[in-house]
Visitor: 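Pasting in a structure now, in structure tokens, and then I'll have a few things to ask.
For the single chain, residues carry numbers from 1 onward in sequence order.
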Amino acid sequence: MKFRVDRDVLADAVAWAARSLPVRPSAPVLAGLLIDATDDGLVLSTFDYETSARATLAAEVSDEGRALVSGRLLADICRSLPAKPVDMAIDGARVTLTCGSARFTLQTMPVEDYPTIPQMPVATGTVQSDVFAHAVAQAVTAAGRDDMLPVLTGVRIEIDGSTISLLATDRFRLSQREFNWDPRSPDESVAALVPARVLGDTAKSLTAGSEVTIALSASGSGEGLIGFEGTGPGGLRRTTTRLLDGEFPKVRSLFPAEKLTVAKVDKAALIESVKRVSLVAERNTAVQLAFSDGVLTLDAGSGDEAQASESIEALIEGEDITTGFNPQFLLDGLTAIDEPVVELAFTQASKPVVLSGSVEDGGNDSGFRYLLMPRRLLS
């Protein structure tokens with residue numbers, strides 16, 4: 001194996017492929033990055049039996065071959081290289097990397113011990129890359145991070161014809177994002193539970209091209225596989241990951257059908273106010289929100305501790321209401337909303353609030369809703 005490649009293209013591709021390498025691999029070879037050099041260029045691959053990543057990039061290949069080296073070490077080396085072409089070659093049981101006057105030698109691992117990387121399933125459809133990346137970023141806001149509840153660390157993808165719905169919850173909040181796409185079949189109907197971390201990282205990394213291909217091999221089963229293909233800097237990129245096993249909770253019914261109190265507030269003003277007032281809120285205590293007479297009053301702190309209060313304008317329809325929320329969860333939802341005016345819809349103080357962007361005055365519905373459970377207020 002011997003080839004020359006652009007330094008920036010190599011560094012970006014290696015960093016992308018190595019991003020999902022396990023910190024504590026169950027076998028040493030799973031910490032490796034597989035380099036395939038052919039007449040068509042380079043293919044860099046990683047796989048940990050759950051998630052695979054494959055980056056294809058152009059290179060001047062003198063001798064075809066394969067090598068398996070430490071992925072994280074190669075990523076660190078490539079990131080530090082000067083802005084000059086990179087030459088790599090196999091030298092016995094080692095790989096030499098030369099860039100300008102810098103020279104590195106890496107020990108190889110046995111390629112024959114590396115697991116077979118799964119193929120992409122048959123394409124299910126395509127979506128605009130920027131739409132997909134933004135929708136996923138909004139949806140993963142509410143995904144759980146507790147590995148003791150693995151089902152809640154996923155995002156449920158529901159495909160119904162030309163519409164995709166993304167749902168995520170950690171029991172305290174719920175996000176829903178809908179968007180249109182171009183399915184392979186107009187009557188396509190399938191669902192899958194995808195690890196939120198993999199989905200978020202993948203969607204964010206495939207924005208160099210105009211489209212992302214989604215490929216799904218099974219519906220809702222942990223035996224299934226989902227793949228994403230798009231363009232990154234320097235060439236084609238593919239990721240596959242196993243679907244999460246388990247039944248995602250039926251959360252759609254949590255969104256109330258009625259609204260007894262609706263408040264519309266300037267999003268930027270509300271975000272800044274929550275940030276200021278929450279400075280005095282002790283850990284795991286709520287920020288109080290009181291809606292009355294065209295004013296939203298935020299309070300935090302109690303008793304002999306530090307206290308804060310601030311009022312901002314609000315357009316309120318319905319009965320006055322006072323409730324409280326985890327300030328960070330509230331900020332997460334507000335930040336994910338695109339529109340400059342946010343709508344907060346209540347049924348009663350002890351029930352969840354539904355946050356969405358206000359679409360009046362000719363605005364477009366972004367398809368994002370965020371439901372947040374209230375917190376008990378300190379007396």
Visitor: At what distance, to the nearest 0.5 angstrom, does CZ of R283 lie from OG1 of T285?
Guide: 11.0 Å
Visitor: Under the criterion side chain to side chain donor-acceptor pair (under 3.5 Å), I'd like the reasoning laid out for T207 against S129: C-alpha separation, chi angles, the key distance, then a yes or no.
Guide: CA-CA 5 Å; T207 56; S129 60; over 6 Å; no
Visitor: Measure across S80 and R7 and return the closest heavy-atom pair with its distance rounded to 0.1 Å.
Guide: N-NH2, 4.2 Å
Visitor: Centre of F255's six-membered ring, under 6.0 Å away, within 45 degrees of the axis: is that where NZ or CZ of R369 sits?
Guide: yes
Visitor: When you check the gap from the basic side-chain N to the acidic O, do E310 and R276 get nearer than 4.0 Å?
Guide: yes
Visitor: T169 versus F248: any side-chain heavy-atom pair under 4.5 Å?
Guide: yes
Visitor: Would Q176 and E158 count as a side-chain contact (heavy atoms from CB on, under 4.5 Å) here? Give the steps.
Guide: CA-CA 11 Å; Q176 179 188 36; E158 297 178 351; over 6 Å; no
Visitor: Counting C-beta onward and ignoring hydrogens, is there a side-chain heavy-atom pair between V295 and I316 closer than 4.5 Å?
Guide: no
Visitor: Between T202 (side chain only) and L199 (backbone N and O only), is there a donor and an acceptor less than 3.5 Å apart?
Guide: no
Visitor: Does the pair L193 and V155 meet the rule for a side-chain contact (heavy atoms from CB on, under 4.5 Å), with working shown?
Guide: CA-CA 6 Å; L193 187 57; V155 174; 5.8 Å; no
Visitor: So how far is it from L44 CG to R237 CZ, rounded to the nearest 0.5 Å?
Guide: 9.0 Å
Visitor: Does any part of the side chain of T323, heavy atoms only, come nearer than 4.5 Å to the side chain of V353, both counted from C-beta?
Guide: no
Visitor: Using the side chain to side chain donor-acceptor pair (under 3.5 Å) rule, take S165 and E178 through it: C-alpha gap first, then chi angles, then the decisive distance, then the call.
Guide: CA-CA 4 Å; S165 298; E178 294 185 348; 3.3 Å; yes
Visitor: Are the side chains of R375 and N284 in touch, meaning some heavy atoms are under 4.5 Å apart?
Guide: yes
Visitor: Do you know the tightest heavy-atom contact between L298 and S273?
Guide: CD1-OG, 3.3 Å
Visitor: Of all the heavy-atom pairs spanning L371 and P256, show the shortest one and how long it is.
Guide: CD1-CD, 4.4 Å
Visitor: Find out if a path of hydrophobic residues (ILVMFWY) with successive side-chain heavy-atom gaps under 4.5 Å connects V14 to I90.
Guide: yes
Visitor: Between Y114 and F47, is a ring-ring contact (aromatic ring centres under 6.0 Å, His included) present by the stated rule, with each step listed?
Guide: CA-CA 9 Å; Y114 201 67; F47 183 43; 7.4 Å; no
Visitor: Among the clusters formed by ILVMFWY side chains lying less than 4.5 Å apart, do L289 and F172 turn up in the same one?
Guide: yes
Visitor: Under a 4.5 Å side-chain heavy-atom rule over Ile, Leu, Val, Met, Phe, Trp and Tyr, are V287 and I312 clustered together?
Guide: yes
Visitor: For the atom pair CG (L270) and NZ (K264), what is the distance rounded to the nearest 0.5 Å?
Guide: 15.0 Å
Visitor: Give a yes-or-no answer on whether the side chains of S358 and E339 include a donor-acceptor pair shorter than 3.5 Å.
Guide: no
Visitor: What side-chain donor-acceptor pairs closer than 3.5 Å can you find for residues 57-78, not counting sequence neighbours?
Guide:
from, atom 1, to, atom 2, distance (Å)
E64, OE2, D39, N, 3.2
R66, NE, D36, OD1, 2.6
S70, OG, L73, N, 3.4
R72, NH2, L21, O, 2.3
D76, OD1, R79, NH2, 2.4

Visitor: Shortest non-hydrogen contact from V280 to A300?
Guide: CG2-O, 3.6 Å
Visitor: For residues R19 and T46, is any side-chain donor paired with an opposing acceptor at under 3.5 Å?
Guide: no
Visitor: Has the side chain of W181 got a donor or acceptor atom that lies under 3.5 Å from a matching backbone atom of I159?
Guide: no
Visitor: Can you confirm whether Q307 is buried at CD, in the sense that more than 12 heavy atoms of other residues, nucleotides or ligands lie under 6.0 Å from that atom?
Guide: yes
Visitor: Compare all side-chain heavy atoms of V122 with those of R184 and state whether any distance is below 4.5 angstrom.
Guide: yes
Visitor: Please examine the side chains of L244 and V194, heavy atoms only from C-beta on, and report whether any two atoms are closer than 4.5 Å.
Guide: no
Visitor: Please walk me through it: do D12 and L10 pass side-chain contact (heavy atoms from CB on, under 4.5 Å)?
Guide: CA-CA 6 Å; D12 193 87; L10 177 65; over 6 Å; no
Visitor: Counting N and O atoms only, with roles assigned by atom type, does the side chain of T213 sit under 3.5 Å from a partner on the main chain of F228, one being a donor and the other an acceptor?
Guide: no
Visitor: For F329, does the six-membered ring have the charged nitrogen or CZ of R173 within the cation-pi criterion, i.e. under 6.0 angstrom from the centroid and within 45° of the normal?
Guide: yes
Visitor: How close do W16 and S205 get, counting heavy atoms only, and between which atoms?
Guide: NE1-OG, 2.8 Å
Visitor: At what distance, to the nearest 0.5 angstrom, does CD1 of I117 lie from CG of L34?
Guide: 5.5 Å
Visitor: Can you check whether K275's main-chain N or O pairs, donor with acceptor, with S278's side chain at less than 3.5 Å?
Guide: yes
Visitor: So which atom in A17 and which in S20 form the shortest heavy-atom distance, rounded to 0.1 Å?
Guide: O-OG, 4.0 Å
Visitor: For residues L243 and V198: do they belong to one hydrophobic cluster (side chain heavy atoms under 4.5 Å, members Ile, Leu, Val, Met, Phe, Trp, Tyr)?
Guide: no
Visitor: Salt bridge between K267 and E272, side-chain N to carboxylate O under 4.0 Å?
Guide: no
Visitor: Would you say I271 ends up clustered with F368 if hydrophobic residues are merged whenever their side chains have heavy atoms under 4.5 Å apart, either directly or through other cluster members?
Guide: yes
Visitor: Are any side-chain N or O atoms of R252 and backbone N or O atoms of L167, one a donor and one an acceptor, separated by less than 3.5 Å?
Guide: no
Visitor: How far does CG of L315 sit from CG of L296, to the nearest 0.5 angstrom?
Guide: 12.5 Å
Visitor: Checking the side chain of R242 only, and the main-chain atoms of Y49 only, is there a donor and an acceptor separated by less than 3.5 Å?
Guide: yes
Visitor: Tabulate below the donor-acceptor pairs under 3.5 Å that side-chain atoms of residues 130-153 make, not counting sequence neighbours, or state none.
Guide:
from, atom 1, to, atom 2, distance (Å)
H134, NE2, D338, OD1, 2.6
H134, NE2, D338, OD2, 2.9
Q138, OE1, R177, NE, 2.4
Q138, NE2, A336, O, 2.7
T141, OG1, A137, O, 3.3
T141, OG1, Q138, O, 2.8
D146, OD1, M148, N, 2.9
T153, OG1, P150, O, 2.6

Visitor: Hey, mind stepping through D160 and S189 against side chain to side chain donor-acceptor pair (under 3.5 Å) and telling me if it holds?
Guide: CA-CA 5 Å; D160 184 11; S189 180; 4.7 Å; no
Visitor: Less than 3.5 Å apart, which donor and acceptor atoms pair up between the side chains of residues 91-112 and the rest of the protein, not counting sequence neighbours?
Guide:
from, atom 1, to, atom 2, distance (Å)
T96, OG1, A89, O, 3.4
Q107, NE2, A93, O, 3.4
T108, OG1, A93, O, 2.7

Visitor: Taking the side chain as C-beta and beyond, is there a heavy-atom pair between R156 and L166 under 4.5 Å?
Guide: no
Visitor: Using a 4.5 Å cut-off on heavy atoms from C-beta on, say whether the side chain of L33 contacts that of I35.
Guide: yes
Visitor: Whether the side chain of T231 engages the backbone of G209 through a donor-acceptor N/O pair (distance < 3.5 Å, no angle test) should be reported.
Guide: no
Visitor: Please step through side-chain contact (heavy atoms from CB on, under 4.5 Å) for the pair I226 and I214, ending with a clear verdict.
Guide: CA-CA 7 Å; I226 192 168; I214 300 176; 4.2 Å; yes
Visitor: Rounded to the nearest 0.5 Å, what separation is found between the CG atom of D40 and the OG1 atom of T56?
Guide: 9.5 Å
